[in-house]
Each structure stands twice: as C-alpha cells, then as structure tokens.
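The analysis underlying the following values was restricted to heavy atoms, covering all of them including side chains, and did not include hydrogens, waters or symmetry mates. All chains are named by letter (A, B, ...) in the order of the sequence lines, taking the proteins before the strands, and each is independently numbered beginning at 1.
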2 protein chains.
Amino acid sequence: MGRWQPDSRGRLQEAALALYSERGFDQTTASQIAERAGLTERTFFRHFVDKREVLFGGSTVLQDHVVAAVAGADATDGPMQAVGRGLAAAADMLGAGRKDLIRQRHGVISANPELRERELVKLSDCGAAVAAALIKRGVRDLLAHLAADAAMTVLRSGIERWAYGDDDRSLAMVMDELLADMKALLLSASAIPVLASQSTDIEPESQHV
Amino acid sequence: MGRWQPDSRGRLQEAALALYSERGFDQTTASQIAERAGLTERTFFRHFVDKREVLFGGSTVLQDHVVAAVAGADATDGPMQAVGRGLAAAADMLGAGRKDLIRQRHGVISANPELRERELVKLSDCGAAVAAALIKRGVRDLLAHLAADAAMTVLRSGIERWAYGDDDRSLAMVMDELLADMKALLLSASAIPVLASQSTDIEPESQHV
DNA sequence: TAGAGTGATTACAGTTACTGTCATCACTGA
DNA sequence: TCAGTGATGACAGTAACTGTAATCACTCTA
C-alpha cells in the first residue's frame, strides 16, 4: 500500500459534494472538505484551483467526448449534423451516469450563484471547443459559433428537462425534440425577424440614453 | 455642497475601469480603486457586492430596456418577433454609447476569466428575464427559453462583431444578419438532426465511462 | 431655532479563500 | 544503497469580503 490513501482527488470531490449538499456551499470551508477527506486544506487547493472547481472535475471529460464526436462526424455532415453527433455523444455519456447523482449535483449548483457562474463558464468553454472543431472541419467562423451555441442551449436545457422530467424518455430523445422545437421556432419567424426596420420605423427619435 | 464629493458610485466605476485597464484585474486591489476615487475600501464594497460587479453597473439598465421592449411587442407578434423587438431596443441603447468605451470594457473583461464568468451570468440572467417576459405573453415555457437563448446568442455575438468589425454597419443590422444566418443554419439541417438514431445505429455498445 | 433623526461614509477587527515556500518521506530506478 | 521524484504537510502571508460601531453634514419637525 502507498504512503497515503489512494485517490485523494476523488475523496475530495466526494467530500465536497456531500458537504455542499448538507450545509450549503458557503457554509462549507475548504478546510472542512479536506478534513473529511483526510487531507489538509493546502492539498485541496493543489488538486482544485478553487472551491468551486471541485464540482466540475468531469466537465473536461464530457467536453472532450463531445468535441471528438463533432470532429469525427462524416465529412458530408453539415455543421448541425456534426453538432448533433456531439450531442449524441453527450447523451451517451450522461445517460450512463446515475440520474440521482446528476440531480444532486444540479441541486447544489443551482442553489448557489457562484456555482451557477462556474457552470456557465464550463458550458461556454465547451461551446468554444465545439466551434473550434467545426472550424477545423471547414465551417465558417460565424456559422460555427452559432451552431455551437445552439448545441449548448440544447445540451443544457436537455439535461435539465431529462433529469427532472416525469417521463422516461432518453436524454437523446429529449435533445432531439428540443432541436426540432428550435427549428420550428426559427421557422415561425420567417415573417419579420428584421431588426433595423423595427427600431427605426416605429420609434424614430424616442431613444433616451 | 454636500459633505462628500457627489456620485461616489460613478467615481468608483470610472476608477475601476481605468485601473483594470492599466494594470489588469487581479493586479488591482479594491483598496486601490477606492483610493483613486477618494473613498475607502469599505465604501467600495457597500456600492458593489464584489470586485467584478463594478464593471457591470449598466447591465440591469440594458436588461430592463430589453425586457420592456419584449413585453411591449404587438400582441400579434410571435416569440421570435417579440424577441426581435428586444434586440432592437438593445441595439438602440448600445448604438448610442461610445464604441471605444464598449471596446475598452470588452477588452478588460475578455482578458480575465473571472470577469468573463460574471459577464456570462449577466447574459444568462438577461435571457431568463426575457424568457419570463415571453411566458407572460403566453408563450410556452420551453419555447420561451429557446427563443430567449437564441436572442442572447445574437446579442452577444452581435455586439462583438459590431464593436470589432471593419465595416460601419449598425448593431441592428449586424444582429439582423445573425438572425438570418441562424435561421439558415437550422434550416440546412432539415436532413438529419435526429439524435437517437445516430448514437445507437453507429456505435451500438461502445460507450465507456 | 434647537434638537432628534437619516444616511453615506469611515475606522477597525475578523474570517476565509487562496498562494508561496520549504520540509517530509514512501516509493522508484540504477 | 542511494540519489531522485512526487504527493503531501506545515506555516506564513495577502487580499477579498463582512459585521459593527462611530461620525457628522444634512433634513425634518416641534
């Protein structure tokens, strides 16, 4: 056996989720997490850059999975098809995890503004990585970012609806429906998405500030 | 004259933007900002909940403006039309501001991860408020959130393209084009946005983790 | 016009998230 | 056997915040 208990990183993650759940994020000190994991505060900060990051250890793995799927899409796939592959990969990975743990983590995160903040960054980073993968496939910069953003919208709200939904639909099915809804929504606006006309025609001079 | 110099909040905002620009966000202490504004650190934290918030004083104003426009859209407008009104309002307001100040602020924010984090939250909050306004108009919850998310995508990337673009197109025009691109993108995927089939047909059992 | 609020500010002490640095010591490979 | 190596601990320090009490120009009222 080693000099120390194995998997200190994992123990810290487990301790943190437990404590954040029990007493809340800002009622928990880094020192307490470390103590529960049988380590010191200094070691906590050697494993995680800050107190929030301990909840987002898996995000890199998920992101890499999604990006790999996008990059590996058929050469004939357009940007939205490629992005669909990425979402399918995410659904595979998350669908394999335990829904109750996902809900627990989601509960902790949405209960605290600082944690929500961090989650938004992770989603944004994932979107940027997906966009980069699309660009590498030859997609124009602008379209790549729009497609990646749409994918992140579907991913985020898909996970939420799936985790808390009544029915037992798979995450992939939920996301599929979201994509369809999004398409219908944009289509329905074929009439007047024109901006310039709205702002200048209707209130010609009434802008203050 | 009053007991103190007027507009301490404004002086703090100005001092902060200047110092963050000059020496960077984390090379600046709250105490230094307060000192430049002729105040104390404690007063800084009475005006702004944290060191980042001082850069986002105007975000509430913009959000309220956008939400009001969405809420005030014609009763016959669909969700995307209503959201278009909101974007037009945002374009009016930002178009009136000085582009160089917007660029300076954008530069400071994008140079620091903590500030990018905060900006994402503001955008997300704005999206939530827009979604709420849509729901009040009778739009289904799901569609409201999708429309609001799309609007935030257009708002964010629109501002960026407008602020750094070579041409002199108005912000409204840029956003208009983005909406059109987004629509075209979603339409192009009419072939296969189907998720479930992709993940199960192509790699039946190969999920690890 | 005295005198009781009011509200923005200062002063000061405290907590805690995080960082830098050096020491420790089981393990590894030559 | 013995010089690395790498994860950890020990300890001191900085700065972002927070709580609380005091100050004092201003305002309102009797």
Side-chain angles (χ1 to χ4, degrees), chain A residues 1-57 108-109 111-119 121-122, chain B residues 1-57 108-109 111-119 121-122:
Chain A
M1 204 180 79
R3 179 177 175 193
W4 297 283
Q5 299 293 319
D7 193 23
S8 37
R9 183 182 173 87
R11 271 152 50 216
L12 286 168
Q13 286 172 322
E14 219 173 294
L17 181 59
L19 286 172
Y20 292 169
S21 274
E22 287 170 20
R23 56 178 83 171
F25 176 76
D26 25 51
Q27 296 312 310
T28 306
T29 69
S31 190
Q32 290 165 345
I33 299 169
E35 190 185 7
R36 177 179 290 214
L39 295 162
T40 64
E41 188 194 10
R42 189 65 186 90
T43 300
F44 177 91
F45 286 112
R46 208 169 274 121
H47 281 283
F48 304 101
V49 294
D50 60 38
K51 230 182 105 184
R52 312 177 211 173
E53 198 64 21
V54 66
L55 283 185
F56 298 90
V108 169
I109 290 173
N112 186 279
E114 302 179 53
L115 292 172
R116 287 200 308 118
E117 210 167 25
R118 180 57 51 87
E119 190 173 51
V121 170
K122 294 300 179 185
Chain B
M1 204 181 80
R3 181 175 174 192
W4 297 283
Q5 298 294 318
D7 193 23
S8 37
R9 183 184 174 86
R11 271 152 50 217
L12 285 168
Q13 287 172 322
E14 217 173 297
L17 180 58
L19 286 171
Y20 292 169
S21 275
E22 288 169 20
R23 56 178 83 169
F25 176 76
D26 26 52
Q27 295 311 310
T28 305
T29 70
S31 189
Q32 290 165 344
I33 299 170
E35 190 184 7
R36 178 178 290 213
L39 295 162
T40 63
E41 187 194 10
R42 190 66 186 87
T43 301
F44 177 92
F45 285 112
R46 202 167 278 116
H47 281 283
F48 304 101
V49 295
D50 59 38
K51 227 181 108 185
R52 310 177 212 173
E53 199 65 20
V54 67
L55 283 185
F56 297 90
V108 169
I109 291 173
N112 186 279
E114 300 179 53
L115 292 174
R116 287 201 307 118
E117 210 167 24
R118 179 57 51 86
E119 190 173 51
V121 170
K122 295 299 178 185

Using only side-chain N and O atoms of S8(B), determine if any of them is under 4.0 Å from OP1 or OP2 of dA8(C).
->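 Looking at the OP1 and OP2 atoms of dA8(C), neither is under 4.0 Å from any side-chain N or O of S8(B).
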
Pair listing, salt bridge (charged side-chain N to carboxylate O under 4.0 Å, His left out) test, anchored in residues 19-40 of chain A, at least two apart =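 Listed once each, the pairs are E22(A)-R36(A).
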
Could you go through residues 13-20 of chain B and list every donor-acceptor pair under 3.5 Å that involves a side-chain atom there, pairing it with any protein atom two or more places apart or in another chain?
residue : atom : partner : partner atom : Å
Y20(B)  : OH   : K51(B)  : O            : 2.7

Sub-4.0 Å heavy-atom contacts from residues 37-55 of chain B onto DNA chain D, ordered by number =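 Listed by number, they are E41(B), R42(B), F45(B), R46(B), V49(B), D50(B), K51(B).
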
Any residue of residues 25-35 of chain A with a heavy atom less than 4.0 Å from an atom of DNA chain D |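 Under 4.0 Å from DNA chain D: no residue of residues 25-35 of chain A.
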
Has the side chain of R11(B) got a donor or acceptor atom that lies under 3.5 Å from a matching backbone atom of L39(B)?
->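 Judged by distance alone, no pair lies under 3.5 Å.
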
Just how far, in rounded Å, is C1' of dT10(C) from CD of Q5(B)?
->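 Going from CD in Q5(B) over to C1' in dT10(C) covers 16 Å.
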
Rounded to whole angstroms, how far apart are CZ on R11(A) and P on dA7(D)?
->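 The distance from CZ of R11(A) to P of dA7(D) comes to 14 Å, rounded to the nearest Å.
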
Closest heavy-atom pair and its distance - [X], [Y]:
X       : Y       : result
H47(B)  : L12(B)  : CD2-CD1, 3.8 Å
E117(A) : R118(B) : OE2-NE, 2.7 Å
F45(A)  : D50(A)  : CE2-CA, 4.1 Å
E41(B)  : A30(B)  : CG-CB, 4.1 Å
I109(A) : R116(A) : O-CG, 3.3 Å

Taking only heavy atoms on the protein side, list every residue of residues 15-22 of chain A lying under 4.0 Å from any atom of DNA chain C, sorted numerically.
->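 Output list: empty, so none.
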
Whenever both distances are under 3.5 Å in a Watson-Crick or G-U wobble pair, mark it; put DNA chain D into dot-bracket that way, with [ ] for crossing pairs and | when the partner is on another strand.
-> ||||||||||||||||||||||||||||||

Taking atom CZ of R46(A) and atom OG1 of T40(A), what is their separation to the nearest 0.5 Å?
->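 Answer for the CZ-OG1 pair, R46(A) versus T40(A), is 7.0 Å.
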
Heavy-atom donor-acceptor pair, R3(A) side-chain to dC27(C) base, under 3.5 Å =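 In this structure, the two groups form no donor-acceptor pair.
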
